[in-house]
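Since this is a predicted model, take the numbers as computed values, not measurements. Just so it is clear, the values below take in all heavy atoms, side chains as well, and ignore hydrogens, waters and symmetry mates.
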Amino acid sequence: MNAADWGLLLTTAVLLGSTFLFLNIAVAEVPPLTVAALRTLIAAPICWAMMRAFGVRLPRTRQEWIALFWLGLLTGAIPFGALSWGQQHIESGMAGILFGTMPVLAVVLAPMFLAEEIFTRRRLVGAAVGLAGVVLVMGPSVLANAGDQALALFITFLAPLSHTLGAIYARRQPGLAPPTMATGQMIFGAMILTPPALALEAPLGLTPGMGAVGAILVTGVACTAIPMSLYFVVVRRIGATRSSLVPLFFPPVAVFLGAAVLGERLPVEAFVGLALIMAGALAVGGVSTKPPGPASDAEAEKT
């Protein structure tokens, strides 16, 4: 991975990592499916505008539209719905920890579907080290208090699992441009999430406060539309396994946001955990000055 790859990855991580803070604010007043549906409805036109700005159009073939449907399901509807529902019952730190499992999931799953993703000892060790850093940053007390939240943990875990599979599937769609993927993801995510939200949660009768409304708007624009457009670029450039490094940065983003916005003090273990996360990221992603591609990736990771 070169400097440009790392820049894209970190920008995407910071924007997506802010999601947990705003979702916690939103689901305190708005039902989860409604939050998830509004997130896609807000993001869809923005993604479409960005797609057109890049000179890209929506696909014309049936096969490409089917691919967009699966992306909408795997990286939109399931993760957004599961995360919104889960964050009613678990802390945002726990949600960040669960999303931090994506590199481990990718190390195991990506080689099953992608020939260019090679299962190596360095990737496995790097993912494990990074995950240890995630747990350390958020603190063992979060894990210790999870006993009565098994269902919420399971539902929330569906989000990183589905997102990992979606990243792998995106890698298998070379004919679709990243902005088209992001737009299709939001269109189909909205189509899947909106009907059950309307049927089950009666959102038209809600009167949320300005804080919740603002949180939903920020989540749809800054935490969804912009970073998801970048995310598919990251997947295309560096692969499904390396792009799954993004969730490893969610916990430190949450910690630093808490310090900046809420005046929280960072414990020593937060910095130790952050160091482990960076070490894991370097182990899985590597540092390279070569152009990204399957061949250079494989050569760099032979151990």
Side-chain angles (χ1 to χ4, degrees), residues 4-5 7-9 11-19 22-23 26 33-84 99 102 159-160 162-198 215-240 243-244 246-247:
D5 296 330
L8 282 171
L9 187 147
T11 299
T12 305
V14 170
L15 292 174
L16 288 173
S18 305
T19 303
F22 293 107
L23 278 183
L33 288 178
T34 299
V35 170
L38 287 172
R39 184 178 175 185
T40 57
L41 289 168
I42 293 169
I46 299 173
C47 287
W48 180 85
M50 294 176 67
M51 178 189 69
R52 297 298 295 125
F54 280 107
V56 182
R57 296 180 179 273
L58 289 171
R60 298 180 182 275
T61 68
R62 179 174 177 271
Q63 182 178 1
E64 289 175 327
W65 277 105
I66 291 174
L68 290 182
F69 166 80
W70 286 112
L71 284 173
L73 179 67
L74 293 172
T75 64
I78 294 176
F80 291 1
L83 183 60
S84 295
F99 261 88
M102 280 184 65
S162 183
H163 214 294
T164 301
L165 292 172
I168 294 170
Y169 185 75
R171 182 71 170 174
R172 294 173 62 91
Q173 309 303 320
L176 290 174
T180 302
M181 289 186 182
T183 304
Q185 171 199 21
M186 294 304 145
I187 290 173
F188 281 108
M191 291 175 64
I192 295 169
L193 288 166
T194 301
L198 289 172
I216 292 173
L217 288 173
V218 172
T219 301
V221 178
C223 301
T224 304
I226 296 174
M228 286 313 301
S229 296
L230 292 176
Y231 184 75
F232 285 113
V233 176
V234 173
V235 171
R236 183 66 57 82
R237 285 178 62 92
I238 66 176
S243 62
S244 69
V246 169

Is [Y] close to [X] at the side-chain level, that is, under 4.5 Å between some pair of heavy atoms?
X      : Y      : value
Arg39  : Thr19  : yes
Phe69  : Ile192 : yes
Ile187 : Leu68  : no
Phe188 : Leu73  : no

CA sep, side-chain torsions, deciding dist, call: Ile66, Trp70, side-chain contact (heavy atoms from CB on, under 4.5 Å): CA-CA 6 Å; Ile66 291 174; Trp70 286 112; 3.8 Å; yes
Nearest-0.5 Å distance that lies between atom [atom1] in [X] and atom [atom2] in [Y]:
X      : Y      : atom1 : atom2 : result
Leu71  : Leu165 : CG    : CG    : 11.5 Å
Ile42  : Met186 : CD1   : CE    : 11.5 Å
Thr75  : Ile168 : OG1   : CD1   : 12.5 Å
Thr12  : Leu230 : OG1   : CG    : 4.5 Å
Ile216 : Leu23  : CD1   : CG    : 9.0 Å
Thr180 : Phe54  : OG1   : CZ    : 11.0 Å

side-chain contact (heavy atoms from CB on, under 4.5 Å) assessment of Leu58 paired with Trp65: CA-CA 9 Å; Leu58 289 171; Trp65 277 105; 3.9 Å; yes
Result of checking Thr219, Val35, Leu38 against Ser84 for side chain to side chain contact (heavy atoms under 4.5 Å, CB included): Val35
